[in-house]
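Order of the sequence lines fixes the chain letters, A, B, ..., with proteins taken first and strands second; residue numbering starts at 1 for each chain.
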Number of protein chains: 2
Amino acid sequence: MTDFNPNASLPAPSIPGDALPPVEQHAQQYATVRNAHETELIEDYVELIGDLLAHRGEARAADIANRMAVSQATVSKMIRRLNELELVTSKPYRSLFLTEAGQKMAETSRARHDIVLHFLRALGVRDATARIDAEGMEHHVSDETLAIMQRFTEQQQKS
Amino acid sequence: MTDFNPNASLPAPSIPGDALPPVEQHAQQYATVRNAHETELIEDYVELIGDLLAHRGEARAADIANRMAVSQATVSKMIRRLNELELVTSKPYRSLFLTEAGQKMAETSRARHDIVLHFLRALGVRDATARIDAEGMEHHVSDETLAIMQRFTEQQQKS
DNA sequence: CAAACAGTTTAGCCTTGGCTAACAATATTG
DNA sequence: CAATATTGTTAGCCAAGGCTAAACTGTTTG
């Protein structure tokens, strides 16, 4: 460590208490995030398919492509994966449907999503912003935090 | 739409107000998330490098690999990208340093991260959980929400 | 000061999740 | 009912972000 350090001055360790977490814990944080990323897209698809079925009665690849702002080819490929994972059933040129497992996942995702969305609104975030943030955040909120968010929202509504 | 619909009954549209958002808005949500994903890892690296420099005086590939729970090869490849993006400077086999742009990004990320972390703690989330959640959430929280979180945390501390 | 160890880089592989272009099937409509 | 429009699929491309194995550099130490 005899290197000249051009960053030596800033950013200064703002708060002494904010030292680096121990390596194992730090590693755990990143690993958890990476893990979430793997399932996140799958969940988004399943959740959207569930919503389309609930609100429209059918879920077509074209709708998904439009709503996700993604090409139909991408959706088609993804549907194959969802099939392999046994989350959806699909006949070519027909609406998609969710398997048992798919429905369970859709409900869980939807519930998560709603809790986060309602929480953000209860906090005072504008609706459009809340929707965007919720979409990104939902996969990274632990059950513990989720429970707290729900409680907060309920309390807010009472007053 | 003459298909038999095995999912017709559930999940029922729980709240009438929770209809699907208009296509453009919906698409915007997903696009924003996809966009965040592209920069997210970069920001994590830069933020971590900044932290290592601040707390340890140097940032070596091996430390990053350990803290991110990722192979050194992966870090090495990533550092090449960060170099191309002119966020870090590196001489082979020497500690990394941040460029101007890198420092700015590190500070912004750090600030974001801290706001989310302190907010979660103020909400009542346990420290270990808050750290994990913050790591995942930080890239998906809009400036608007961030401001609200900060205000909330301050209020909480006053009482 | 040579050998061993630690740290770094490179090469080459894999999967994911995008894309476009070309083709195939279904639906709509003149 | 044929032509056209819409929708879905396939093939083949790309970049990102992982990995292991092997080669190389630098440091430490017997």
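With salt bridges taken as basic N to acidic carboxylate O contacts below 4.0 Å, none links A:D133 and A:R121. For the pair B:R110 and B:D114, the salt-bridge criterion is met [side-chain N within less than 4.0 Å of a carboxylate O]. Classification of B:R67 and B:D63 as a salt-bridged pair fails, no side-chain N sitting under 4.0 Å from a carboxylate O.
Atom CD1 of A:I64 and atom P of D:dT7 are 13 Å apart (whole Å). Between the P atom of D:dG17 and the CD atom of B:E40 lies a distance of 10 Å, rounded to the nearest Å. Across the protein-nucleic acid pair, A:I79 atom CD1 and D:dG8 atom P stand 8 Å apart, rounded to whole Å.
A heavy-atom distance below 4.5 Å is found between the side chains of B:D44 and B:M68.
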Give me, pair by pair, the N or O atoms of the protein and of nucleotides 23-26 of chain C that are less than 3.5 Å apart, along with how far apart they are.
| from | atom 1 | to | atom 2 | distance (Å) |
| --- | --- | --- | --- | --- |
| C:dA24 | N3 | A:Y93 | OH | 3.4 |
| C:dA25 | O4' | A:Y93 | OH | 3.1 |

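Looking at heavy-atom distances under 4.0 Å, B:L41 makes contact with sugar-phosphate atoms alone, never a base. Within the nucleic acid shown, A:V70 comes within 4.0 Å of sugar-phosphate atoms alone, with no base atom in reach, counting heavy atoms only. Residue contacts shown for A:A73 include a base, since a base heavy atom lies under 4.0 Å away.
Along DNA chain C, the nucleotide nearest B:K77 and the nucleotide nearest B:A62 are compared for position; the residue whose nucleotide lies closer to the 5' end is B:A62. Nucleotides of DNA chain D nearest to A:R34 and A:D63 differ in position, and the one nearer the 5' end is that of A:D63.
OP1 or OP2 of C:dT9 has not a single side-chain nitrogen or oxygen of B:R80 nearer than 4.0 Å. Between A:S71 and the phosphate of C:dG18, there is no side-chain N or O to OP1/OP2 separation shorter than 4.0 Å. The side chain of A:T74 contributes an N or O atom lying less than 4.0 Å from OP1 or OP2 of C:dC19. Contact check, B:R81 against D:dG17: a side-chain N or O comes under 4.0 Å of OP1 or OP2.
Side-chain N or O atoms of A:T74 include none that pairs as donor or acceptor with a backbone N or O of A:V70 at under 3.5 Å.
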